[in-house]
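The structure appears below as structure tokens.
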Protein chains: 2
Amino acid sequence: MREGPDIARIASLVGDPARANMLTALMGGTALTASELALEAGVSLPTASSHLSKLMEGGLLTLASQGRHRYYGLAGPQVAGMIEAITGVAAAVGPQRVRPGPRDAAMRVARVCYDHLAGEQAVAMLDRLVARQVLLRHDKEIRLGPSAASHFAAIGIDVESKARRPVCRACLDWSVRRSHLAGTLGAAILDKIIAEKWARREKDSRAVIFSPMGKQAFEKVFLG
Amino acid sequence: MREGPDIARIASLVGDPARANMLTALMGGTALTASELALEAGVSLPTASSHLSKLMEGGLLTLASQGRHRYYGLAGPQVAGMIEAITGVAAAVGPQRVRPGPRDAAMRVARVCYDHLAGEQAVAMLDRLVARQVLLRHDKEIRLGPSAASHFAAIGIDVESKARRPVCRACLDWSVRRSHLAGTLGAAILDKIIAEKWARREKDSRAVIFSPMGKQAFEKVFLG
DNA sequence: ACAATGCTTCGATGAAGGACGAACTATGCG
DNA sequence: CGCATAGTTCGTCCTTCATCGAAGCATTGT
């Protein structure tokens, strides 16, 4: 008999289809209300509420009450990373179900992973940054290279670590099966992409659609 | 309603306590038989068998039949990474700790973590080995230092990697919340400790009790 | 004050699945 | 062959928990 962290408790929270759908929906990074999550999960409002209280009790969600609205969000990057990891395994062992629909195609190209960019574009970006030694990669650990500060400052991103959260982190991409960039830098880059209107977020989806001009700009800055 | 990788299916596989214990046991990297896993999980053999077939069907395990023994192992690093991610979240959100009884006190000092030593002693040992640069640590990765071979040879441990399994691995200690040494080297050290009778294993427990002399010897060799 | 909206709690129902003993299959050993 | 060990399958019991309708709070709007 083993002891230690109660991994079964956490996993079983994710192990219910309704809750899994809610968590996946929250991977978009924005907090959602109970009704929205009920819709996402395909269950009634009471059922959703029950699930949400369980997820809260399990520490996987945060709650922000604003008037009569209650916004639920993922508890943090660690939780988001766990969901990604599970998604990766699910995608790897369940190839019988994945048929690349039109929306899925867009998802593979670029999507939001909690607070940073994922998908082919994101993987290509990390590869290029490492190749140019802007970032130094050592297995799963990613550090800033000597030229990183000036490189990112040139496009208006301050790489100084403000929070305890690591600046760079490798996050395994479930569609490409290789890592992309997470951490505060990954989040800042996504902010930049949206702020510059290089891309827009697909409504009710995690997909990120680049405009033709935006794609050029992105490639010039990060893949050039 | 969402689609995509069936994350609930995978998570619910891990979400059963018996299966979670089995998977945790397999995190050591070596394959185990059904009986051993039944013991780990604290369930009967038929129950374990049922769980194992579910884990197999879910693609989380590999099976190697050798005669009448059937060795189950984790399906790959991706699965191991997922377990690690879940464990991390569980440790972070689960400070609702059981109170430290007398046996737990011994467990915190030194215990077996599948095939290597864990607990305060193990954490101190790894710290010291890294400080003396016998081992070189880079975040989660641990490698042998230049003096490692001779250092361990002096106490009768061959650090040559015989199996595919890594020689060194960092394993997060759930009681101390810092890493200790796993991998073949960690296993060899535990073997040594038992073989030299520096310590004995508590019956039906993971606790490892050092004798006064054994503790001295251990500290001289590994903490000196 | 009253109604409307957003959400939670309660109670009843039903289905899923985890548990084990007993019986069965397969391999190894003399 | 007969016996022992390792595992799986089967049948049954029983707990757990997801689900929804109805009712209860809370906040906002009129």
Side-chain angles (χ1 to χ4, degrees), chain A residues 1-2 6-26 30-75 90 204, chain B residues 1-2 6-26 30-75:
Chain A
M1 278 278 252
R2 305 226 145 221
D6 196 348
I7 129 174
R9 187 173 121 81
I10 300 301
S12 70
L13 281 175
V14 189
D16 175 83
R19 286 193 292 262
N21 283 329
M22 291 175 172
L23 291 167
T24 306
L26 290 172
T30 45
L32 298 173
T33 66
S35 337
E36 290 170 322
L37 288 167
L39 203 65
E40 281 291 343
V43 293
S44 73
L45 226 162
T47 304
S49 182
S50 158
H51 285 308
L52 288 169
S53 64
K54 276 169 188 154
L55 288 170
M56 282 297 294
E57 199 181 356
L60 299 189
L61 297 186
T62 54
L63 173 58
S65 284
Q66 279 178 26
R68 58 182 167 184
H69 294 273
R70 312 193 74 183
Y71 289 94
Y72 291 91
L74 291 187
D204 292 331
Chain B
M1 279 279 252
R2 306 222 147 223
D6 196 348
I7 128 174
R9 190 172 119 81
I10 300 301
S12 71
L13 281 174
V14 189
D16 176 82
R19 287 193 293 261
N21 282 330
M22 292 174 171
L23 290 168
T24 306
L26 291 171
T30 36
L32 298 173
T33 65
S35 337
E36 290 170 323
L37 288 167
L39 202 65
E40 280 293 341
V43 294
S44 72
L45 223 162
T47 304
S49 183
S50 157
H51 285 307
L52 288 169
S53 63
K54 276 170 189 153
L55 287 170
M56 283 295 296
E57 200 182 354
L60 299 188
L61 298 184
T62 53
L63 173 57
S65 284
Q66 280 178 27
R68 59 179 167 183
H69 294 275
R70 314 192 72 183
Y71 289 95
Y72 291 92
L74 291 186

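Numbers restart at 1 for each chain; the letters A, B, ... are given by sequence-line order, proteins then strands.
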task = Starting at atom NE2 of His51(B), determine the distance to atom P of dG7(D), rounded to an integer number of angstrom.
result = 16 Å
ask   = Under 4.0 Å between a side-chain N/O of Lys54(B) and OP1 or OP2 of dG17(C), yes or no?
value = no
ask   = Atom CZ of Arg19(A) to atom P of dT16(D): distance rounded to whole Å?
value = 15 Å
ask   = Could you give the CG-to-C1' distance, from Leu39(B) to dA6(D), as a whole number of Å?
value = 14 Å
request  = Round to a whole Å and report the spacing from CG of Leu52(B) to P of dG7(D).
outcome  = 10 Å
inquiry  = Using whole Å, what does the distance between atom P of nucleotide dG6(C) and atom CD of Glu36(A) come to?
reply    = 10 Å
query = Taking only N and O in the side chain of Tyr72(A), is any of them less than 4.0 Å away from OP1 or OP2 of dT8(C)?
reply = yes
query = Of the options Leu32(B), Thr33(B), Leu37(B), which is the one that meets Tyr72(B) in a side-chain contact (heavy atoms from CB on, under 4.5 Å)?
reply = Leu37(B)
ask   = How about Ile7(B) and Leu23(A): do any of their side-chain heavy atoms sit closer than 4.5 Å?
value = no
key: side chain to side chain contact (heavy atoms under 4.5 Å, CB included) partners of Ala31(A), counting only residues at least two apart   = Tyr71(A)
key: Shortest non-hydrogen contact from Thr47(B) toward Ser44(B)   = OG1-OG, 3.0 Å
ask   = Tell me, do Leu60(B) and Val14(B) make a side-chain contact under 4.5 Å, heavy atoms counted?
value = yes
ask   = Atom CZ of Arg9(A) and atom C1' of dT16(D): how far apart are they, to the nearest Å?
value = 16 Å
key: Any side-chain heavy-atom pair of Val43(B) and Asn21(B) under 4.5 Å   = no
task = Compare side-chain N and O positions of His69(B) against OP1 and OP2 of dG28(C) and report whether any pair is under 4.0 Å apart.
result = no
note = Rounded to whole Å, the CG-C1' distance (Leu55(B) to dT8(D)) equals 15 Å
key: Between dA6(D) (C1') and Leu32(B) (CG): distance, integer Å   = 15 Å
ask   = Think Arg70(A) has a side-chain N or O under 4.0 angstrom from the OP1 or OP2 of dA26(D)?
value = no
query = Just wondering, do Leu61(A) and Leu74(A) contact through their side chains at under 4.5 Å, heavy atoms?
reply = yes
query = Does any N or O in the side chain of Thr24(B) come within less than 3.5 Å of the main-chain N or O of Ala20(B), such that one atom is a donor and the other an acceptor?
reply = yes
Provide a list of protein-nucleic acid N or O atom pairs under 3.5 angstrom, restricted to nucleotides 9-14 of chain C.
none

key: Arg19(A) side chain to Leu13(A) backbone, donor-acceptor under 3.5 Å   = yes
Atom pairs under 3.5 Å: protein N/O with N/O of nucleotides 3-5 of chain D:
| unit_1 | atom_1 | unit_2 | atom_2 | d |
| --- | --- | --- | --- | --- |
| dT5(D) | O2 | Arg68(B) | NH1 | 3.0 |

